[in-house]
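Excluded from the calculations below are hydrogen atoms, water molecules and symmetry mates; all remaining heavy atoms, backbone and side chain alike, are included. Model, not experiment: these values are computed from the prediction.
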Amino acid sequence: MIKRELYLNQLYEFIDKPLIKVITGIRRCGKSVILKLLKEELLNRQINEGQIIYMNFDSFEFSSIDKAEKLYTYVKERMNEQKRSYILLDEIQEVDSWEKAVNSFFVDFDSDIYITGSNSRLLSSELATYLTGRYVEIHLYTLSFSEYLKFKAIRAGIGIQEMNTKLEFNIFLRTGGFPILHIADYTPDTAYKVVYDIYSSAILRDTVQRNNIRDVELLERVVKFVFDNVGNKFSAKNVADYFKSQQRKIDLNTVYNYLNALQGAFIIDRIPRYDLKGREILKTLEKYFTGDQAIIYAVMGYKDRFISGVLENIVMLELKRRGYRVFTGKWDEREIDFVAAKHEAKIYVQVSYKMEGESTIDREFAPLLEIRDNHPKYVVSMDELWRDNINGIKHVHIADFLLMESY
């Protein structure tokens, strides 16, 4: 098990704090490994194994524990009465009304609780009612480019400094960041089959079953529309209009429900649009991205025209990993790919495949040149030759941008 310090350090800060630790993320992004590494850390801190209760509800061993009452009984019987118990519950959403049991553990016993789940309904209004002010969420993403390099370097027995990061990025661009793809060797076809199976599981278990969706074929058509438009602005009405043009009716409420269900399973991520002049969040023409770029290729096949949207997807995920709140920006009639804010810090990022000609340079730099503040501004591309900065706006290769210590 390779340690992912970004998330482990966040988790370690909350050990023995009076909060329920909720770890969320798309299926197979590494939540179970994080929980196992946490167990190792607890043992290293001289906590007895008898104080740790670990349950993985994807395992057949716990398949009979499907209701809150059974979960409560099982855990209560194994509680350490003299010392604090550490309760680690993996894929807890498989247990009906689990939040009632978890709330009781928190209230009734001396316990430190960690739970993981593959659906954002884990933090739904119902859960919030039970656990208001009692939980902290740590969202786990698939591997960043930096983590990908670390995984590959460990497997190859070399240092990251010995790797050609530009060439490695070309591989990362296609294979994505699901950890399972980077702990063994896969052909491209096999890798995409693995990713497609992860996607199918998330669609079936975390989207269709949890939201009682009956028309699975229509849902998958909506997914393909989103993936075909990654990096483009669109609204639910655009989706409905597209289906109407294909002689297939779908009402706006169904589109909204499907998009919300897909977002709930972390298959897609909605990025709101922010008017920089009016300083308000706009409610139309948002952008949607996916939980990992490899899902796009696994579902849609590899197409060169996806490249710009996929690059934006990778940058968006990196900004979110680093704790930024991410928006797309509007400045008069011009568009800015990302406006990212964290505490008082703010950065602006334009993403382009290549700087091919004056029109491309103007399109990417002009919106940033109009913003007269002192926050960092970047144009990120795959261009290895054209490296000029313009009036303080930095042009950076995407591999270098992803590996920067800070922005």
Side-chain angles (χ1 to χ4, degrees), residues 1-59 62 65 68 71-72 74-95 98-120 122-123 127-128 130-144 146-147 150-151 179 266 320-323 342-343:
M1 293 188 293
I2 299 173
K3 292 188 175 182
R4 300 177 68 186
E5 283 87 357
L6 174 64
Y7 306 104
L8 288 170
N9 290 339
Q10 290 179 53
L11 204 52
Y12 293 166
E13 284 185 21
F14 290 104
I15 290 177
D16 288 324
K17 300 294 191 302
L19 292 164
I20 296 166
K21 277 64 74 172
V22 182
I23 306 166
T24 59
I26 192 170
R27 285 189 178 268
R28 306 305 301 271
C29 69
K31 299 183 299 297
S32 298
V33 171
I34 290 290
L35 218 52
K36 289 174 182 175
L37 289 168
L38 171 68
K39 182 179 178 181
E40 279 187 10
E41 176 67 16
L42 294 174
L43 293 171
N44 290 338
R45 295 188 183 197
Q46 308 306 311
I47 292 163
N48 295 327
E49 188 147 14
Q51 293 174 249
I52 302 171
I53 302 168
Y54 175 84
M55 303 172 73
N56 182 347
F57 294 100
D58 270 346
S59 168
F62 300 106
I65 302 175
L71 174 60
Y72 183 83
Y74 180 92
V75 172
K76 184 180 178 183
E77 288 173 353
R78 288 158 179 80
M79 284 282 192
N80 190 306
E81 294 182 4
Q82 279 75 42
K83 295 180 179 180
R84 172 167 294 169
S85 293
Y86 294 82
I87 305 171
L88 283 56
L89 307 174
D90 199 3
E91 298 295 354
I92 188 67
Q93 76 273 356
E94 303 300 329
V95 180
W98 60 268
E99 60 273 7
K100 297 178 183 178
V102 169
N103 186 56
S104 292
F105 301 151
F106 187 84
V107 171
D108 298 343
F109 306 109
D110 180 12
S111 60
D112 193 20
I113 305 169
Y114 303 81
I115 62 178
T116 79
S118 300
N119 193 292
S120 68
L122 207 63
L123 297 172
L127 170 60
Y130 278 96
L131 304 178
T132 301
R134 294 176 176 174
Y135 70 84
V136 60
E137 180 190 9
I138 297 172
H139 187 74
L140 198 66
Y141 294 91
T142 56
L143 299 183
S144 66
S146 174
E147 289 177 315
K150 177 182 177 181
F151 271 54
F266 308 113
K320 285 209 156 190
R321 280 188 198 96
R322 297 186 183 217
K342 181 166 61 174
H343 308 307

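- Between the NE2 atom in His139 and the NZ atom in Lys31 there is a gap of 8.5 Å [rounded to 0.5 Å].
- Within a 6.0 Å sphere centred on NZ of Lys150, other residues, nucleotides and ligands contribute more than 12 heavy atoms.
- Note that CZ of Phe266 and CG of Asn119 are 6.5 Å apart. Values are rounded to the nearest 0.5 Å.
- Side-chain atoms of Ser85 come within 3.5 Å of backbone atoms of Asn80 as a donor-acceptor pair (strictly under, hydrogens ignored).
- Atom-to-atom distance recorded for Thr24:OG1 and Leu140:CG is 8.0 Å, nearest 0.5 angstrom.
- Taken from CD in Gln93 to CH2 in Trp98, the straight-line distance is 9.0 Å, to the nearest 0.5 Å.
- Legend: residues meeting side chain to side chain contact (heavy atoms under 4.5 Å, CB included) with Asp108, ordered by chain and number and at least two apart, are Tyr72, Ser104.
- Minimum heavy-atom separation, Phe151 to Ile2: CE1-CG2, 3.6 Å.
- Here Ile65 contributes atom CD1 and Phe57 contributes atom CZ; the two are 6.0 Å apart, rounded to the nearest 0.5 Å.
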(request) Could you give me the CA-CA distance, side-chain angles and deciding distance for Thr142 and Ile26, then say whether side-chain contact (heavy atoms from CB on, under 4.5 Å) is met? (result) CA-CA 8 Å; Thr142 56; Ile26 192 170; 4.2 Å; yes
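- Closest non-hydrogen pair, Arg27 versus Glu94, comes out as NH2-OE2, 3.4 Å.
- Under the side chain to side chain contact (heavy atoms under 4.5 Å, CB included) criterion, Glu147 pairs with Arg4, Tyr7, Leu143, Ser144, sequence neighbours left out.
- Dense packing is recorded around CD of Glu5, with more than 12 heavy atoms of other residues, nucleotides or ligands lying under 6.0 Å away.
- In this structure the side chain of Met55 reaches within 4.5 angstrom of the side chain of Val75, judged on heavy atoms.
- Considering all non-hydrogen atoms of both residues, Leu71 and Phe105 come closest at O-CZ, 3.9 Å.
- Counting heavy atoms from C-beta on, the side chains of Lys83 and Ile47 never come closer than 4.5 Å.
- With sequence neighbours left out, the side chain to side chain contact (heavy atoms under 4.5 Å, CB included) criterion links Arg134 to Asn103, Phe106, Val107, Leu131.
- By the 6.0 Å contact criterion, NZ on Lys3 is open, its count of non-hydrogen atoms from other residues, nucleotides or ligands being 12 or less.
- For the residue pair Glu91 / Ser118, a side-chain donor-acceptor distance below 3.5 Å is found, with atom types taken as modelled.
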For residues 33-42, which side-chain donor-acceptor pairs fall under 3.5 Å, sequence neighbours excluded?
residue	atom	partner	partner atom	Å
Lys39	NZ	Glu49	OE2	3.4
Glu41	OE2	Arg45	NE	2.9
Glu41	OE2	Arg45	NH2	3.3

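- Minimum heavy-atom separation, Ser32 to Asn56: OG-ND2, 4.3 Å.
- When all heavy atoms are compared, the tightest approach of Phe62 to Tyr54 is CZ-O, 3.8 Å.
- Expressed to the nearest 0.5 Å, how far CD1 of Ile53 lies from CD1 of Ile87 amounts to 5.0 Å.
- The side-chain hydrogen bond (donor to acceptor under 3.5 Å, both in side chains) search around Asn48 returns none, not counting sequence neighbours.
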(request) Show your reasoning for whether side-chain contact (heavy atoms from CB on, under 4.5 Å) applies to Asp58 and Asp90. (result) CA-CA 8 Å; Asp58 270 346; Asp90 199 3; over 6 Å; no
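- Using a 4.5 Å heavy-atom cutoff, the side chains of Val136 and Val22 are not in contact.
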Using distance only, find each side-chain donor-acceptor pair of residues 11-20 under 3.5 Å and give its atom names and separation, not counting sequence neighbours.
residue	atom	partner	partner atom	Å
Asp16	OD1	Arg84	NH1	3.0
Asp16	OD1	Tyr86	OH	2.7
Asp16	OD2	Tyr86	OH	3.4
Lys17	NZ	Glu13	O	3.0

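- In this structure a side-chain-to-backbone donor-acceptor pair under 3.5 Å is missing from Arg321 to Leu6.
- Side-chain atoms of Glu81 never come within 3.5 Å of backbone atoms of Met79 as a donor-acceptor pair (strictly under, hydrogens ignored).
- For Ala101 against Ala68, the heavy-atom pair with the smallest separation is CB-O, 3.7 Å.
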